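As structure tokens, the structure follows; a few thoughts come after it.
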Amino acid sequence: MASIAKLLVLLASMATFGYSLYVVGRLMLFLSTPRSVSKAHTWIFNLLDNKSRLETAFGPVVFDTIYLIGFIFQHSFLKSAFVKKLLAKCGLGGAERTIYSLTSSICLHYLIANWLPAQSIVLWQIDVEDSAPLWWTFAITHGLCWVVIFGGTLVMDLPELLGIKQAYYDLKAYSEPINFKSSELRNLYAHVRHPSFVGLSIILLVTNVMSVDRLLLAFLLTTYMYVAWSTDHKDVAYQKLQLQRKKLELKAQ
């Protein structure tokens, strides 16, 4: 009976893997698709002269803030020691990462689907559709950042990141996958579980229309990443060492 339950967890983790990739695709379009430029806007510096624009943006900003706080709360609470102990007591230790990935994807999907733009107030806007050099600069910048993020994800072991490996190891009665990794890598995982703070920050900030809702999104997520990711000098030294090893391996081929 226990093995059947573990098999179901493994199947659920595989389904979660596919769903998470779908949501990431939606996120890419949400963050990196150039936004249309509207002439009906108020520069953020002129709010006192046009209170109706401020009133128009108030509702979307409130709801978008609630969506972001909900996502941040889920992202932090479900990786707390309390939740881990609770899942272990319920016999769901092998499903911990799958549950975390699934709920994260659901919260992110809901945020994307219900996000309310507030383009009545903008900090800047650039029409990239009428300029090929600007459009390609925008596209290449975002493309390179996503490549860095995906490359880092693969290096950090994507099946383990989304919970498939934990569910499989639990089914086979193996030790947790993290126990097979070096102490330096475990230390890095304890401080940061997602790759490229810089890449994601650039994607959030480099937009052709910096409306007040995009500014809110960039500010809250960048602040959350900065607070939550607590890398130290040992993590930096480890990553430098791994980079040097990769370079030597490539030269040897």
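Owing to the predicted nature of the structure, the values given are computational and were not obtained by experimental measurement. No hydrogens, no waters, no symmetry mates; every other heavy atom, side chains included, goes into these values.
For D64 (side chain) and W115 (main-chain N/O), no donor-acceptor pair under 3.5 Å exists by modelled atom type. Judged by distance alone, with hydrogens and angles left aside, the side-chain atoms of H142 form no donor-acceptor pair with the main-chain N or O of M28 at under 3.5 Å. Formation of a donor-acceptor pair under 3.5 Å by the E160 side chain with backbone atoms of Q166 is not found in this model. The backbone N or O of V128 sits nowhere less than 3.5 Å from a side-chain atom of S131 that would complete a donor-acceptor pair. Of the possible donor and acceptor atoms, none in the side chain of R214 sits under 3.5 Å from a partner among the backbone N and O of A118.
Under the 4.5 Å side-chain contact rule for hydrophobic residues, L11 and V9 do not share a cluster. Criterion: ILVMFWY side-chain heavy atoms under 4.5 Å apart, direct or through other members. Under it, V61 and I69 are not part of a common hydrophobic cluster. Linking ILVMFWY residues whenever their side-chain heavy atoms come closer than 4.5 Å, directly or via other members, leaves L158 and V147 in distinct clusters. V24 and L29 fall into different hydrophobic clusters, where Ile, Leu, Val, Met, Phe, Trp and Tyr side chains are chained together by heavy-atom contacts under 4.5 Å. At a threshold of 4.5 Å between side-chain heavy atoms, the hydrophobic network of Ile, Leu, Val, Met, Phe, Trp and Tyr places V198 and I203 in one connected group.
Between Y110 and Y67, the ring planes lie perpendicular to each other; the angle is over 60°, past the 30° to 60° tilted range. Between H109 and Y19, the angle of the ring planes lies from 30° to 60°, which puts this pair in the tilted group.
Taking the side chain as every heavy atom from C-beta outward, D170 and E176 never approach each other to under 4.5 Å. L27 is listed as a side-chain neighbour of L108, based on a closest heavy-atom distance under 4.5 Å.
The heavy-atom pair separating T222 from S201 by the smallest distance is CG2-OG, 3.9 Å. Taking each heavy atom of S20 and S101 in turn, the nearest pair found is OG-O, 4.0 Å. Of all heavy-atom pairs between I202 and C145, the closest is CG2-SG, 3.6 Å. Heavy atoms only, all atoms of each residue included: G199 and I149 are closest at C-CD1, 4.2 Å. A pairwise comparison of heavy atoms in A218 and L205 identifies CB-CD2, 3.8 Å as the closest pair. Between F138 and T207, the shortest heavy-atom contact is CE1-CA, 3.8 Å.
Going from atom CG of L204 over to atom CG of L221 covers 5.5 Å, rounded to the nearest 0.5 Å. Here the straight-line distance linking atom SG of C107 with atom CG of L102 works out to 9.5 Å at 0.5 Å rounding. Rounded to the nearest 0.5 angstrom, I99 CD1 and S104 OG are separated by 11.5 Å. A distance of 8.5 Å separates CD of Q125 from CG of N208, quoted to the nearest 0.5 Å. To the nearest 0.5 Å, atom CD1 of residue I126 and atom CZ of residue R35 are 13.0 Å apart. In this structure, the separation between CG on L162 and OG1 on T16 is 8.5 Å, given to the nearest 0.5 Å.
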Item to check | Worked verdict on L31 versus W146 for side-chain contact (heavy atoms from CB on, under 4.5 Å) | outcome: CA-CA 11 Å; L31 294 179; W146 283 117; 4.3 Å; yes
Next on the checklist: For F30 and L217: C-alpha separation, side-chain torsions, deciding distance, then whether side-chain contact (heavy atoms from CB on, under 4.5 Å) applies.
Outcome noted: CA-CA 12 Å; F30 177 68; L217 178 72; 3.9 Å; yes
Checklist entry - After noting the C-alpha distance and the side-chain angles of L111 and L68, does the key distance pass the side-chain contact (heavy atoms from CB on, under 4.5 Å) rule? => result CA-CA 7 Å; L111 182 150; L68 283 167; 3.7 Å; yes
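More than 12 heavy atoms of other residues, nucleotides or ligands lie within 6.0 Å of CD in Q74, so this atom counts as buried by the packing criterion. Within a 6.0 Å sphere centred on CE of M14, heavy atoms belonging to other residues, nucleotides or ligands number 12 at most.
Between the side chains of H75 and Y224, no donor-acceptor pair of N or O atoms lies under 3.5 Å.
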